[in-house]
Undergrad: 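Let me give you the structure first, and then I'll get to my questions.
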Number of protein chains: 2
Amino acid sequence: MVASTLAEVARLAGVSPATASRVLNGSARKPGPDIANRVRQAAESLGYVANAQAQGLAKSSSGLIGLVVHDIADPYFASIARGVQVAARNQGRMVLLATAAGAPEAEREAVAAFAARRADSIVLAGSRSARKEDTDANSALATELDRYCANGGQVAVVGHPVVGATSGTGYHVVAVPNEALAASLAADLTVLHTGRFIVVAGPESLFTSDDRIRGFQAGLAAAGREPAEVFRTQFTRSGGHAAGLSLARRIAAGEKDLCIFAVNDVMAIGVAAAIRGQDLRIPRDALIAGFDDIETLRDFQPELSTVHLPLEDIGAQAARRAGGDMDFIPITGHVALRRSTHHEE
Amino acid sequence: MVASTLAEVARLAGVSPATASRVLNGSARKPGPDIANRVRQAAESLGYVANAQAQGLAKSSSGLIGLVVHDIADPYFASIARGVQVAARNQGRMVLLATAAGAPEAEREAVAAFAARRADSIVLAGSRSARKEDTDANSALATELDRYCANGGQVAVVGHPVVGATSGTGYHVVAVPNEALAASLAADLTVLHTGRFIVVAGPESLFTSDDRIRGFQAGLAAAGREPAEVFRTQFTRSGGHAAGLSLARRIAAGEKDLCIFAVNDVMAIGVAAAIRGQDLRIPRDALIAGFDDIETLRDFQPELSTVHLPLEDIGAQAARRAGGDMDFIPITGHVALRRSTHHEE
DNA sequence: ATGCAGTGGGAATGCGCTTTCCCAAAGAAT
DNA sequence: ATTCTTTGGGAAAGCGCATTCCCACTGCAT
């Protein structure tokens with residue numbers, strides 16, 4: 001990557017680099033119009049493109065916002081990414097993308113890389129977990145984040161705080177009310193369904209999953225229902241599918257009147273697919289509800305009951321807070337009951 | 001963003017910055033082990049993180065790969081992005097993300113921003129179009145790309161070349177065989193279906209859409225069928241939905257035995273949703289096929305017949321070529337016939 | 001003992017830009 | 001007419017790092 005420099009432009013325009021800098025890249029001081037034009041012309045004719053790295057070095061700020069997601073191809077994160085992207089553009093910044101695939105160690109690496117690039121802020125949208133085997137990696141991540149914040153970085157975490165991150169300044173959390181919403185979903189479902197509930201969840205210690213389970217159980221309890229059985233599996237479509245196969249067997253064996261709550265939409269779809277693959281029908285043989293309200297899945301039949309989350313907003317909020325705009329706009333979702341949880345007449 | 005510098009580390013370790021640099025960041029010359037340890041310890045205790053901007057400035061290369069997509073929340077692009085991301089990680093680089101929302105002007109801006117950041121390479125995965133009103137913006141984009149290449153940048157475009165880009169070097173195209181695959185889809189469908197065909201397509205001059213139409217028509221012709229009617233709409237789910245409503249009306253009015261080819265899966269789902277919303281059924285009242293084989297949509301019922309595209313691979317290929325690994329691995333897809341195009345017995 | 005290549009460290013330069021500081025000229029005020 | 005402010009441009013000092021060049025030193029052959 002070679003390209004013409006400010007100095008070249010300045011020489012061609014017959015001015016000093018200082019002046020060229022002032023006219024080309026916003027400065028408080030505005031050189032005279034005639035000079036400005038000369039410079040602009042010179043820049044144009046040379047195809048000058050300012051070197052953002054050098055600019056960043058000089059003013060020590062990069063205009064970069066780092067985003068780490070679990071998997072960019074997952075519609076949940078893709079939506080959040082879009083929100084971050086939009087907010088970044090409004091702030092005149094660019095987003096640096098990293099995927100962590102659920103490994104705290106990978107998240108740490110990403111954070112370190114962002115720090116190295118002197119990203120002004122970081123949005124962390126992986127999936128926080130407290131698994132035993134991740135303890136070390138998690139605390140390493142926390143250390144890295146603390147260091148980043150200590151150096152003046154801003155970080156916004158969506159969902160749950162990173163375990164062990166202690167830094168006071170520069171650390172924001174976009175709290176998604178998973179628990180409350182799950183409770184409210186449970187409450188709504190209890191009026192529709194008098195039978196048993198079962199929740200298909202992710203692996204233990206995955207915060208998002210655990211919160212939703214807890215909220216759901218609380219909602220059931222508040223309605224005077226028994227706690228739901230919890231079926232642990234992968235936090236993915238195929239995890240849901242596996243669970244679905246197993247449940248289908250039980251349903252076929254006579255276990256009727258079941259309402260299945262999968263802790264996210266993608267899993268719910270997996271569950272549904274598996275159940276239908278066994279010649280059972282939804283909602284006839286089992287009710288199903290999800291969580292997230294993934295856009296791409298809205299045309300699924302029967303329409304999936306779920307909890308709507310303003311994913312794009314969540315991303316945008318995270319980016320805005322990380323960007324220093326601290327106006328607090330709480331995240332709110334809402335239960336969206338659709339056909340997958342309505343017993344047929 | 002303030003942080004400790006190499007100079008501070010060097011001072012603490014009692015060595016020169018040059019030596020510190022040599023031990024901390026890979027260099028040909030390896031200082032002695034005792035010194036190396038001193039430096040490493042100093043770095044550790046100071047929480048030193050190399051400034052990538054400064055490094056980039058010094059060695060004039062940034063380790064950045066720019067990716068511009070139409071919309072990161074669209075599963076098609078999200079999958080490609082994942083591929084790019086994976087390839088980038090393997091190359092030890094980071095990806096800079098930009099979304100263009102279909103506007104060539106936005107693409108140009110993104111390319112300019114990438115150039116400013118001295119991205120080593122750029123992957124362009126917007127949707128090329130030749131619309132009359134985009135002519136100017138397209139040529140501006142071409143100019144920007146040419147300049148970027150002229151300065152030593154590498155660019156990979158997925159799908160179609162940018163109209164008017166002339167640069168000889170550094171310019172790669174990952175060709176997706178849309179036309180051939182559409183033809184082969186048509187061929188396969190003609191053996192399943194003896195009635196009429198109709199294609200639901202995107203706006204005129206959108207290359208991807210046009211190629212798929214052309215290929216499909218060619219396939220029909222090769223099978224001795226009449227050309228399909230082309231229904232133009234938005235290249236989105238809601239475009240498909242609108243088309244679906246209109247088609248549903250025709251079907252309800254007696255137009256039976258229709259096979260609808262929507263030029264992408266998302267549109268196909270929109271079409272299907274609209275048709276089913278009118279108390280019609282698929283495939284009973286109309287067959288539907290899509291294109292792309294979006295992962296999230298695989299559990300749709302009835303399973304959507306489509307053309308499988310290795311999206312992640314496409315992204316990875318683009319990133320690899322842009323990265324200089326020039327081994328050519330052709331993109332191949334295949335027709336995937338599923339239940340949405342099978343007349344019921 | 002002398003010369004040689006080879007080794008390992010430091011000094012200094014430059015990457016491309018921003019920004020402070022300085023200075024000359026021009027205008028306002030006395 | 002003289003002094004005091006502005007105004008507008010340039011010189012120069014970094015920003016944090018890589019790297020070239022140079023130098024002192026060691027070990028070897030002669």
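To find a chain, count down the sequence lines: A is the first, B the second, and so on, and within it residues start at 1.
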Undergrad: Side chain of A:N51 only, please: which of D:dG16, D:dA12, C:dC17 is the nearest?
TA: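 Within the option list, the nearest is C:dC17.
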
Undergrad: Are A:V111 and A:I122 close enough that some pair of their side-chain heavy atoms sits under 4.5 Å apart?
TA: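 Yes. Closest side-chain heavy atoms under 4.5 Å.
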
Undergrad: What's the CD-C1' distance between A:E8 and C:dC17, to the nearest Å?
TA: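 It is 13 Å, rounded to the nearest whole Å.
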
Undergrad: Specify the separation, in whole Å, of atom CZ of A:R117 and atom P of D:dC15.
TA: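 So the two atoms are 22 Å apart, to the nearest Å.
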
Undergrad: From the options C:dG16, C:dG10, D:dA18, select the nucleotide whose nearest atom is closest to the side chain of B:K59.
TA: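 Shortest atom-to-atom distance from the side chain points to D:dA18.
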
Undergrad: Go through the steps to decide whether B:R147 and B:E144 satisfy the test salt bridge (Lys or Arg N to Asp or Glu O under 4.0 Å), and finish with yes or no.
TA: CA-CA 5 Å; B:R147 173 190 300 172; B:E144 198 75 48; 3.5 Å; yes

Undergrad: Using heavy atoms to find the nearest nucleotide of DNA chain C for B:V15 and A:Q53 separately, return the residue whose nucleotide is more 5′.
TA: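 Its nearest nucleotide lies further toward 5', so the answer is B:V15.
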
Undergrad: May I ask you to verify if any side-chain N or O of B:Q55 is less than 4.0 angstrom from the OP1 or OP2 atom of D:dC17?
TA: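 So the side chain of B:Q55 is outside the cut-off, no N or O lying under 4.0 Å from OP1 or OP2 of D:dC17.
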
Undergrad: Just wondering, are more than 12 heavy atoms of other shown residues or ligands nearer than 6.0 Å to CD in B:E44?
TA: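 Count not over threshold, so no.
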
Undergrad: Checking contacts here: which listed nucleotide (C:dG10, C:dT18, D:dG16) is nearest the side-chain heavy atoms of A:S21?
TA: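 Side chain of A:S21 sits closest to C:dT18.
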
Undergrad: Rounded off to whole Å, could you give me the NZ-to-P distance for the A:K30 and D:dT6 pair?
TA: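 Interatomic distance, NZ of A:K30 to P of D:dT6: 22 Å.
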
Undergrad: Rounded to whole angstrom units, what separation is found between the CG atom of A:N151 and the P atom of D:dC15?
TA: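 Rounding to the nearest Å, CG of A:N151 and P of D:dC15 are 16 Å apart.
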
Undergrad: Using only heavy-atom distances, decide whether a donor-acceptor pair under 3.5 angstrom links the side-chain of A:R22 to the base of D:dG10.
TA: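 Result: at least one qualifying N/O pair found.
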
Undergrad: Over how many whole Å does the gap from A:L57 atom CG to D:dA13 atom C1' extend?
TA: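 Distance check: A:L57 CG to D:dA13 C1' gives 14 Å.
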
Undergrad: Any side-chain donor paired with an acceptor under 3.5 Å for A:R117 and B:S62?
TA: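 Note: A:R117 and B:S62 side chains miss the donor-acceptor criterion.
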
Undergrad: As a test of reading the structure: which of D:dA18, C:dA12, C:dC17 is closest to the side chain of A:T5, going by heavy atoms?
TA: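 For the A:T5 side chain, the nearest candidate turns out to be C:dC17.
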
Undergrad: Rounded off to whole Å, could you give me the CZ-to-P distance for the B:R11 and C:dG10 pair?
TA: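 To the nearest whole Å, that distance equals 14 Å.
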
Undergrad: Looking only at side-chain N and O atoms, does A:N25 offer a donor or acceptor that is under 3.5 Å from a partner on A:Q55?
TA: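 Per modelled atom types, A:Q55 and A:N25 side chains form a pair under 3.5 Å.
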
Undergrad: Pairs in or reaching into residues 78-91 of chain A: which pass salt bridge (charged side-chain N to carboxylate O under 4.0 Å, His left out), with residues at least two apart or in two chains?
TA: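 Qualifying pairs, neighbours excluded: A:R82-A:E312, A:R82-B:D71.
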
Undergrad: Respond yes when some side-chain nitrogen or oxygen of A:N25 is under 4.0 Å from OP1 or OP2 of C:dT18, and no when none is.
TA: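 For A:N25, the contact criterion (side-chain N or O under 4.0 Å from OP1 or OP2 of C:dT18) is met.
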
Undergrad: Taking the nucleotide of DNA chain C with the nearest heavy atom to each, does B:A20 or B:A58 sit closer to the 5' end?
TA: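 On the 5' side of the pair lies B:A20.
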
Undergrad: Could you verify whether a donor N or O on one side chain and an acceptor N or O on the other, from B:S121 and B:R93, lie under 3.5 Å apart?
TA: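 Side-chain D/A pair, B:S121 to B:R93: present.
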
Undergrad: Could you tell me, to 10°, how much the axis swings from one end of the helix from C:dA1-D:dT30 to C:dT30-D:dA1 to the other, five pairs per end?
TA: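 Overall, the helix from C:dA1-D:dT30 to C:dT30-D:dA1 bends by 50° from one end axis to the other.
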
